[in-house]
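Heads up: the structure comes next, in structure tokens.
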Amino acid sequence: MKLIFEKSVAGRRGLKLPVADVPRAAELPENLARKEPAGLPEVSELDLVRHYTNLSRRNFSVDTNFYPLGSCTMKYNAKIIEDTTAFFAGSHPMTPLLPGGEALTQGSLALIHGLGGLLSEITGMDEVTCQPLAGAHGEMTGIMLIAAYHRAKGNRKKYVIVPDSSHGTNPASAAMVGYEIITIPSAPYGDMDLDAFRAAMNGEVAAVMMTCPNTLGLFNPHIREICDIAHEHDALMYYDGANLNAILGKVRPGDVGFDVIHVNLHKTFGTPHGGGGPGSGPVGVKKGLIPFLPGPRVVQQDGAFALEREQPESIGRVANFFGNFGVMAKAFAYILMLGREGLIEVSEQAVLNANYMMSRLKGHFDLPYEKSCMHECVFSASRQLKNGVHAIDIAKYLIDRGYHPPTVYFPLNVKEAIMIEPTETESKETMDAFIAVMKEAAEMAEKNPAALHEAPVTMPVSRLDETKAAREQNVCFGPW
Amino acid sequence: MSFCPNTPEDVREMLAAIGAASVDELFAPIPAELRAKSFDLPEGVSEQELRRQMQELARTDRTVTPFIGGGYYDHHVPAAVDHLSGRAEFYTAYTPYQPECSQGTLQALFEYQTAICRLTGMEVSNASLYDGGTALAEAAMMALRITGRNRLLIDGSVSPFAREIVRTYLRNLDVEIVEIAPKDGAIDRNALAAHLTDRTAAVIFQNPNFFGTVEDLSDLAEAAHAKGALLVASVYPISLGLVQSPGAMGADIVVGDGQSLGNPLSFGGPSFGFIATVKKYIRNLPGRIIGETVDRNGRRGFVLTLQAREQHIKRHKATSNICSNQSLCALRGLLFLASVGREGMVELARLNRDKAEYAKGLLGKIKGVRLLNAAPTFNEFTLVLPGDAAAATERLLAKGIAAGVPLGAYYDGMANCLVVTVTEKRSRSEIDLLARELEGAL
Ligand SMILES: Cc1ncc(COP(=O)(O)O)c(C=O)c1O
């Protein structure tokens, strides 16, 4: 398909602007004035609508395809929830910062405060800030809070510990805050190697970042012990709660001994992924860390909601205003709609679906960690590799059959990983149909591997040359 | 109500296939002592009830006529932006990791990168960051990486919120940040020159700045480059219809907030941050980048490229920790720019400036009121009132007018100053009313 810039015709206009009801102002001085208009497209509204409608049809999405992308929780995003956030679209975020302005934004402030309260109860934490704008941003904020805690106590800390199965953002976030990373290998049973962890733990460790169930979908039975060991060294326990789908109503990281958590509203709490964002990554903390939370904090005073102005120990803002409010509003609506029972049903059905998938596929693909899984399961295409078929080849074949592939580039500690997360919103029939195609792919790997190497053949493009893209670095259409 | 489709019969069959007696059994790996101590949440509600509750909550927000900006601007959002970004194929997709079934998102983001480059006068752009403030912090960190130096000069007329974010991001790193206090709402060039040394990684400006002042940064870019430092500029994209592009002024890294490009105010988010630079620094960019390539049959296609900079490959050595960005908001930005178009962007910027100049003329003539400086402005300007600006703002707010942002909370000695914003959405009669009411409130 042509680019919108290639469809541009000089002099063609789209949006009609209003006629000025004020006199024309004098021009800007010569040295400040733009010489040439920016080379933006010149298209009619119909050109625009047709171009992007047709582009959208070149996407797989939850609304069009089963999307069992592990670690990404591609659940259905209910339409009513999309609708309700539009009610808040017109609120200016500077309003509550004006003198007397809080009284005019009680609804929006109540929503932020209310969401924080619900997430505190769900995670077992004492307070939640909704300011972080995505999961990784929440991680960085959480590690900054931990750094502030240690600074206030006069602790000298240098390291953050992560297991090798951790999501890449964990070590990257800790490094952004200036920590050195200690990576602990996984034991043969799939969890972080407990002995290696014990050996690595020392007084200079600021935090241990974990997720439980981990990215292999396994629940670590030693988690309490790990928390205790960390706390003995005054290291804080960080929970990567990007994905709470397995534990809603079952386990609360705060009860287990974690001190800080982030959650991804765009995974567990039903807000759409938008082709890569926006997300929202609220951070929950235990009492001792509340003074360090980013400001301005939304607090309740005498029945009204207000912004706390004095937070001398705060790490400071991590975002322009109060976070990705529109995303927060969707998650708030989602939690209200599902309620206690609904959220418990989410984790039960998510875990049921993942275990079903695992049990039906395990004869056909290798299962590196043969345990019952939680909300996702990780296979390996190592058996298929003997015929030269990689996980990515299976992924591409699935595309031809109308499925978004599972995650195949992660976790890094499983060779040829195929990480499947069906989520709770998919039905048995949908999974059965997918399972049948997966089996077909396994058979083809035996009988006709060449066909898998060719896939996909039904998409607007076949496999793309990534090396050429990286070499030529053509990231902007020219000339201009 | 949990959107779970499995019937009791499905559940029985699935459990049989798994070989488990109950769903509870699947949670057996979780020891009893680790189970949730509480899960005290309200009962779920129907769709109809949810709508009612959310509507009721939203209604407790009072609407005001906004003459406020502070980084977020009340611009018109073309209807096509909502409709096209509201296509579920866009908003219910994930990050385009599988390019063959994600060409829609990938091509749109490539077009977005192109639009950002053309608007800012830069050579390369990424596919978005979180917001303008975090983009500025990322730009600062990028400059530190490129130069290998650890000192930043940041102009005090950069938004206080953005400066706070930069400080928050850098607090735990070995970086020295020097803030140059502005003079009458403009850059203090002498103070800046005194601090600029060959240890400076970057000088950081905002244009138009927090007071609304528009300045030529060319001389500052030259001065920075002479010391081997980079110039980072944060810009307000709508102003670029009229104001010289930061690229043409010599900026090395350009950032800004994309809210004004087709994203609703939405109480401060989501919007997106943009970041653009020159080609030689592309490997130092944070976040996702879309690149053009070909498929096996030679057809043009788009992929995520230079991923070796990113956390999922490089882990703690990545250029940034960012993973999810603000893709859908960036798409809205593209849709906005394509809808307004080449000539429309000039007209839209002019409309903003014309209205602001009209307001400036009226408000500046009120007895006892003067302008902070005579420098050119875009759609924001700073008034000096005869008394406390916060008190006047509060009086007007009670009448439903957000007259501006009083500066006392952000700048020492500027308690009488008020930054007034006038976008194309403010009518002449609203501006006239503001002038009358402000006069009455002094
Ligand atoms: C386990 C885990 N942690 C962290 C993240 C990062 O979240 P985000 O993409 O919102 O920054 C993700 C999402 O990809 C994840 O799956």
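Numbers restart at 1 for each chain; the letters A, B, ... are given by sequence-line order, proteins then strands. It should be emphasised that the depicted structure is a prediction, and the values quoted were computed from it without experimental measurement.
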Quiz item: Given that the side chain runs from C-beta out, which part of B:Val64 has a heavy atom under 4.5 Å from chain A: side chain, backbone, both or neither?
Solution: side chain
Quiz item: Does B:Asp295 pair with A:Arg463 as a salt bridge, N-O distance under 4.0 Å?
Solution: no
Quiz prompt | B:Asn6 and its side-chain hydrogen bond (donor to acceptor under 3.5 Å, both in side chains) partner, picked from A:Glu345, A:Gln349, A:Lys428 | solution = A:Gln349
Practice problem: Taking the side chain as every heavy atom from C-beta outward, state whether A:Ser462 and B:Arg299 have any pair of such atoms under 4.5 Å apart. | Solution: yes
Exercise. Heavy atoms only: give me the nearest B:Pro29-A:Phe219 pair and the separation to one decimal.
Key: O-CD2, 3.8 Å
Self-check item: Segment of A:Met176 engaging chain B (4.5 angstrom heavy-atom cut-off)
Solution: both
Quiz item: Quick one: what part of A:Ser359 sits under 4.5 Å from any heavy atom of chain B, side chain, backbone, both or neither?
Solution: side chain
Quiz item: For B:Ser427, is it the side chain, the backbone, both, or neither that has a heavy atom closer than 4.5 Å to a heavy atom of chain A?
Solution: both
Exercise. Would you please name every residue forming a side-chain contact (heavy atoms from CB on, under 4.5 Å) with A:Arg224, sequence neighbours left out?
Key: A:Asp228, B:Glu33, B:Leu34
Practice problem: Measure the acute angle between the ring planes of B:Tyr97 and A:Tyr409, then classify it against the limits of 30° and 60° as parallel, tilted or perpendicular. | Solution: tilted
Quiz item: Is chain A contacted by the side chain of B:Leu84, its backbone, both, or neither, given a heavy-atom distance below 4.5 Å?
Solution: side chain
Quiz prompt | Structural part of B:Ser218 lying under 4.5 Å from a heavy atom of chain A | solution = neither
Exercise. Select one option (side chain, backbone, both, neither) describing which atoms of B:Arg87 are under 4.5 Å from chain A's heavy atoms.
Key: side chain
Quiz item: Relative to chain A, which segment of B:Ile289 carries a heavy atom at a distance below 4.5 Å: side chain, backbone, both, or neither?
Solution: side chain
Practice problem: Would you indicate whether the side-chain heavy atoms of A:Gln473 and B:Leu306 approach each other to under 4.5 Å? | Solution: yes
Practice problem: Among B:Gly269, B:Ala93, B:Gly268, single out the residue with the greatest number of heavy-atom pairs under 4.5 Å to chain A. | Solution: B:Ala93
Quiz prompt | Derivation and outcome, side-chain contact (heavy atoms from CB on, under 4.5 Å), residues A:Met94 and B:Val405 | solution = CA-CA 8 Å; A:Met94 280 304 292; B:Val405 175; 3.6 Å; yes
Self-check item: Residue part contacting chain B, namely of A:Asn77, when any heavy atom lies under 4.5 Å
Solution: side chain
Self-check item: Atom group of B:Ala162 that falls short of 4.5 Å from chain A, counting heavy atoms
Solution: neither
Quiz item: What part of B:Leu351 is in contact with chain A, defined as an atom under 4.5 angstrom from a non-hydrogen atom: side chain, backbone, both or neither?
Solution: side chain
Quiz item: A:Leu111, A:Thr64, A:Leu218: which one forms the most heavy-atom pairs within less than 4.5 Å of chain B?
Solution: A:Leu111
Self-check item: Shortest non-hydrogen contact between A:Pro99 and B:Leu397, atoms and distance
Solution: O-CD2, 3.4 Å
Quiz item: Going by heavy atoms in the side chains, are A:Arg13 and B:Glu347 under 4.5 Å from each other?
Solution: yes
Exercise. Check the pair A:Asn59, B:Thr105 against side-chain hydrogen bond (donor to acceptor under 3.5 Å, both in side chains), reporting the backbone distance first and the verdict last.
Key: CA-CA 7 Å; A:Asn59 263 7; B:Thr105 294; 2.7 Å; yes
Quiz item: Which one of B:Thr168, B:Thr393, B:Thr134 has the most heavy-atom pairs closer than 4.5 Å to chain A?
Solution: B:Thr168
Quiz item: Side chain, backbone, both or neither: which part of B:Met14 has an atom under 4.5 Å from a heavy atom of chain A?
Solution: both
Self-check item: Part of A:Phe88 within contact of chain B (heavy atom distance under 4.5 Å)
Solution: both
Exercise. Name the region of B:Ile165, side chain, backbone, both or neither, that has any atom closer than 4.5 Å to a heavy atom of chain A.
Key: both
Practice problem: Check the pair A:Asn31 / B:Gln244 against side-chain contact (heavy atoms from CB on, under 4.5 Å), numbers first and verdict last. | Solution: CA-CA 8 Å; A:Asn31 65 332; B:Gln244 180 62 296; over 6 Å; no
Quiz prompt | Per-residue contact mode, A:Asn65 against chain B (heavy atom under 4.5 angstrom) | solution = neither
Practice problem: Can you tell which part of B:Thr60 gets under 4.5 Å to a heavy atom of chain A, answering side chain, backbone, both or neither? | Solution: both
Exercise. Identify the heavy atoms of A:His404 and B:Cys101 that sit nearest to each other, and give their distance.
Key: CD2-SG, 3.8 Å
Quiz item: What heavy-atom pair brings B:Asn172 and A:Ala147 nearest, and what distance separates the two atoms?
Solution: OD1-CB, 3.5 Å
Self-check item: B:Gln113 side chain near A:Phe477 side chain, heavy-atom distance below 4.5 Å
Solution: no
Quiz item: Out of curiosity, B:Arg353 CZ to A:Leu28 CG, how far, rounded to the nearest 0.5 Å?
Solution: 4.0 Å
Quiz item: Relative to the ring of A:His137, is the ring of B:Tyr169 parallel (under 30°), tilted (30 to 60°) or perpendicular (over 60°)?
Solution: tilted
Quiz prompt | Residue pair B:Thr293 / A:Glu466, side-chain donor-acceptor N/O under 3.5 Å | solution = no
Quiz item: Taking side chain as C-beta onward, heavy atoms only, is B:Pro376 less than 4.5 Å from A:Pro29?
Solution: yes
Quiz item: Which atom pair, heavy atoms only, marks the closest approach of B:Leu41 to A:Arg340?
Solution: O-CB, 3.7 Å
Practice problem: For B:Lys317, look at atom NZ and say whether over 12 heavy atoms of other residues, nucleotides or ligands are found less than 6.0 Å away. | Solution: no
Quiz prompt | Note, B:Pro406 side chain near A:Leu98 side chain (heavy atom, < 4.5 Å) | solution = yes
Quiz item: Just wondering, more than 12 heavy atoms not from B:Arg171 lying within 6.0 Å of its CZ?
Solution: yes
Quiz item: If you measure only the distance, is there a donor-acceptor pair under 3.5 Å linking the side chains of B:Asp61 and A:Ser108?
Solution: yes
Quiz item: Is the closest side-chain heavy-atom distance between A:Cys476 and B:Val124 below 4.5 Å?
Solution: no
Quiz item: Looking at B:Arg59, B:Glu357, B:Lys314, B:Lys279, which makes the most heavy-atom pairs under 4.5 Å with chain A?
Solution: B:Lys279
Self-check item: B:Lys355/A:Asp21 ion pair, N-O < 4.0 Å
Solution: yes
Quiz prompt | B:Tyr72 portion near chain A, given a 4.5 angstrom heavy-atom threshold | solution = both
Exercise. Go through the atoms of B:Thr63 and report whether side chain, backbone, both or neither lie under 4.5 Å from a heavy atom of chain A.
Key: neither
Self-check item: Proximity breakdown for A:Ala174 and chain B, heavy-atom pairs closer than 4.5 Å
Solution: neither
Quiz item: So which of B:Tyr130, B:Phe161, B:Phe267 actually passes ring-ring contact (aromatic ring centres under 6.0 Å, His included) with A:Phe321?
Solution: B:Phe161
Exercise. Report yes if some heavy atom in the side chain of B:Met345 is under 4.5 Å from a heavy atom in the side chain of A:Pro37; otherwise report no.
Key: no
Quiz item: Hey, which of B:Leu173, B:Val214, B:Leu26 has the most heavy atom pairs under 4.5 Å with chain A?
Solution: B:Leu26
Quiz item: What part of B:Arg288 lies closer than 4.5 angstrom to a heavy atom of chain A: side chain, backbone, both or neither?
Solution: side chain
Quiz prompt | Pairs of heavy atoms under 4.5 Å with chain A: top-ranked of B:Gly291, B:Ala318, B:Pro5, B:Gly70 | solution = B:Pro5
Exercise. Identify which of B:Glu13, B:Gln107, B:Arg35 forms the greatest number of heavy-atom pairs closer than 4.5 Å to chain A.
Key: B:Gln107
Practice problem: Could you walk me through whether A:Tyr52 and B:Glu111 pass the side-chain hydrogen bond (donor to acceptor under 3.5 Å, both in side chains) test, one step at a time? | Solution: CA-CA 11 Å; A:Tyr52 290 103; B:Glu111 293 176 357; 2.6 Å; yes
